[in-house]
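Worth saying up front: this structure is predicted, and the values here are computed from it rather than measured.
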Amino acid sequence: MDVAEHEAPAVPRAREDVVEVTADHPVVAGFVDEGAGDAGDAGDLAAAQTALETRMLLRNGEQLLLTVIIPTLLLVLFSAVDIVDTGSGASVDFLAPGVLALAVMSTAFTGQAIATGFERRYGVLKRLGASPLPRWALMTAKTLSVLVTEVLQIALLTAIAFALGWSPEGNPLSVLLLLVLGTAAFSGLGLLMAGTLKAEATLAAANLVFLLLLVGGGVIVPLDKFPDAVQSVLGLLPVSALSEGLRDVLQHGASMPWGQAGILVVWAVLGLGAAARFFRWE
C-alpha cells in the first residue's frame with residue numbers, strides 16, 4: 001500500500017448547504033480558514049458571515065413559508081374576509097400591526113431557533129467557535145441576518161397592506177424602536193431555546209410557540225376577546241406587547257407606548273442574558 005495515502009488524516013466531508021467561499025475569507029462547512037482570519041479583522045469576518053447567514057436563510061423554502069408566505073396570507077385573508085371582529089374601522093388597520101409583529105417573531109424567534117438548533121446539532125457552531133471568527137461576531141452576524149430579513153418582510157407586508165387600503169398613523173421612529181426591541185426580545189428567546197434544547201425539541205417547541213402566540217398574542221384576535229384574567233397574562237407576552245404597541249402607534253396615533261416598550265425591554269434583557277449564560281455550543 002502506498003505510504004503517501006497515510007500522510008494526512010482524512011477531513012470529514014461537510015454538508016453542502018453550509019459551504020461558502022469568498023476571495024478574502026473562505027468559509028467552508030462552518031470553518032473560517034485560518035490564513036484568511038490572519039489577513040482580515042473580525043469585522044470583515046462578521047460581514048462575510050452575515051452575508052452567508054442571510055443567503056442561507058433566504059434559500060430555505062421552509063423558512064420562507066414561515067417568514068413571508070404565512071404572514072402574507074393571514075394579512076390578505078383576514079383583511080378581505082370578515083372572520084374576526086376587529087372593532088371599528090377597516091380590518092387591515094387592526095391586522096397590519098399584528099402581522100408585522102408576527103413577522104418579527106417568525107424570523108427572530110422561530111426561524112432563528114430552528115436554524116441555530118440544527119447548526120448546533122451538526123457541529124457547525126462548534127467548528128465556528130474554534131475558528132478565527134469570534135463568538136461575538138457570530139452572534140452579531142446572526143442578528144444582522146435577522147434584521148436584513150425583517151427589512152425585506154416589513155417592506156413586502158407594508159406594500160401589501162397599502163394595497164389593501166391601510167392608513168397608518170403615528171411616528172415612524174416609535175415604530176422602529178418597537179421593532180428593534182421586539183427583535184432583541186425574540187432573538188434572545190430563540191437563541192436560548194436553540195442553545196439548550198436538542199434540535200428536534202427546538203423544532204417542535206418553536207413551531208408550537210409560534211402557533212399558540214399567533215392565536216393568543218393579539219396578532220389576529222384582539223386581546224379583549226379573551227377573559228379579563230387571561231388578558232392580563234397574555235398582555236405580558238412579547239408578541240402581545242409588540243403587536244399592541246405597534247397598533248397604538250400605527251392605528252391610534254400614539255407617540256410612544258412606553259408600557260409595551262418596557263415589557264419588550266424586560267424580555268430582551270432576560271432572554272439575551274439567559275442565552276449568554278446557558279447557550280451550549282455543542
Side-chain angles (χ1 to χ4, degrees), residues 63-114 146 149-150 153-162 164-166 168 170 174-175 178-187 189-190 205-227 230-252 254 257 259-261 263-264 267-268 271:
Q63 297 297 336
L64 287 178
L65 173 66
L66 185 70
T67 59
V68 176
I69 298 177
I70 290 178
T72 299
L73 289 177
L74 290 173
L75 177 60
V76 173
L77 175 63
F78 284 89
S79 297
V81 182
D82 190 14
I83 301 175
V84 178
D85 182 9
T86 57
S88 60
S91 296
V92 68
D93 290 336
F94 173 87
L95 293 168
V99 171
L100 292 178
L102 179 69
V104 171
M105 181 179 73
S106 66
T107 299
F109 172 71
T110 312
Q112 182 168 222
I114 294 172
V146 165
T149 305
E150 286 181 358
Q153 284 179 290
I154 292 170
L156 174 63
L157 292 172
T158 299
I160 294 173
F162 276 128
L164 293 171
W166 185 33
S174 298
V175 174
L178 288 169
L179 292 174
V180 170
L181 291 176
T183 299
F186 285 120
S187 291
L189 296 173
N207 282 311
L208 177 61
V209 170
F210 177 83
L211 292 175
L212 291 176
L213 294 184
L214 170 62
V215 176
V219 174
I220 301 297
V221 180
L223 291 180
D224 59 17
K225 300 298 181 182
F226 295 91
V230 177
Q231 285 185 45
S232 301
V233 176
L234 294 180
L236 297 176
L237 297 175
V239 70
S240 301
L242 182 56
S243 59
E244 289 298 308
L246 290 174
R247 202 166 283 127
D248 285 347
V249 176
L250 293 171
Q251 185 178 14
H252 305 300
Q260 283 82 6
I263 293 173
L264 291 174
W267 278 106

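Residues Met105 and Leu102 meet the side-chain proximity criterion, which asks for heavy atoms closer than 4.5 Å. Counting heavy atoms from C-beta outward, Leu181 and Gln260 have side chains that stay 4.5 Å or more apart. Two residues are said to be in side-chain contact when any heavy atoms from C-beta on lie closer than 4.5 Å; Leu75 and Val92 meet this criterion. Pro238 places a side-chain heavy atom less than 4.5 Å from the side chain of Leu264. Within the 4.5 Å cutoff, side-chain heavy atoms of Pro222 are placed close to those of Val84. Taking the side chain as every heavy atom from C-beta outward, Pro257 and Leu178 approach each other to under 4.5 Å. A 4.5 Å side-chain heavy-atom check between Leu250 and Leu100 finds at least one atom pair inside the cut-off. A heavy-atom distance below 4.5 Å is not found between the side chains of Phe78 and Ser91.
When all heavy atoms of Gly182 and Leu242 are compared, the pair lying nearest together is CA-CD2, 4.2 Å. Between Pro168 and Phe162, the shortest heavy-atom distance links the atoms CD-CE2, 3.6 Å. Of all non-hydrogen atoms in Ala206 and Ile114, the two that sit nearest each other are CB-CG1, 4.0 Å.
Distance check, rounded to the nearest 0.5 Å: CG of Leu189 to CD of Gln112 gives 10.5 Å. Arg247 CZ to Leu223 CG: the interatomic distance, rounded to the nearest 0.5 Å, is 7.5 Å. Gln251 CD to Phe94 CZ: the interatomic distance, rounded to the nearest 0.5 Å, is 7.5 Å. Distance CG/Leu74 to CG/Leu214: 5.5 Å, rounded to 0.5 Å. Thr107 contributes atom OG1, which lies 7.5 Å from atom CG of Leu66 (distance to the nearest 0.5 angstrom).
Legend: residues meeting side chain to side chain contact (heavy atoms under 4.5 Å, CB included) with Leu73, ordered by chain and number and at least two apart, are Ile69. Asp224 pairs by the side-chain hydrogen bond (donor to acceptor under 3.5 Å, both in side chains) definition with nothing, not counting sequence neighbours. Remark: Ser240 pairs with no residue by the side-chain hydrogen bond (donor to acceptor under 3.5 Å, both in side chains) rule, at least two apart or across chains. Taking the side chain to side chain contact (heavy atoms under 4.5 Å, CB included) definition, one finds that Asp82 meets it with nothing, sequence neighbours left out. Partners of Ser106 according to the side-chain hydrogen bond (donor to acceptor under 3.5 Å, both in side chains) rule, which considers only residues two or more places apart in sequence or in another chain, are Gln153. For Leu156, the side chain to side chain contact (heavy atoms under 4.5 Å, CB included) partners at least two apart in sequence or on another chain are Val68, Thr72, Ile160.
Ser79 places no side-chain N or O within donor-acceptor distance of the main-chain N or O of Leu95, the cut-off being under 3.5 Å. Trp267 contributes a side-chain N or O that, together with a main-chain N or O of Leu236, makes up a donor-acceptor pair within less than 3.5 Å.
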**Request:** Quick one: do Ile220 and Val215 satisfy side chain to side chain contact (heavy atoms under 4.5 Å, CB included)? Show the steps, please.
**Result:** CA-CA 7 Å; Ile220 301 297; Val215 176; over 6 Å; no

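Applying the side chain to side chain contact (heavy atoms under 4.5 Å, CB included) test between Leu246 and each of Val99, Leu179, Val104 identifies Leu179 as the sole match.
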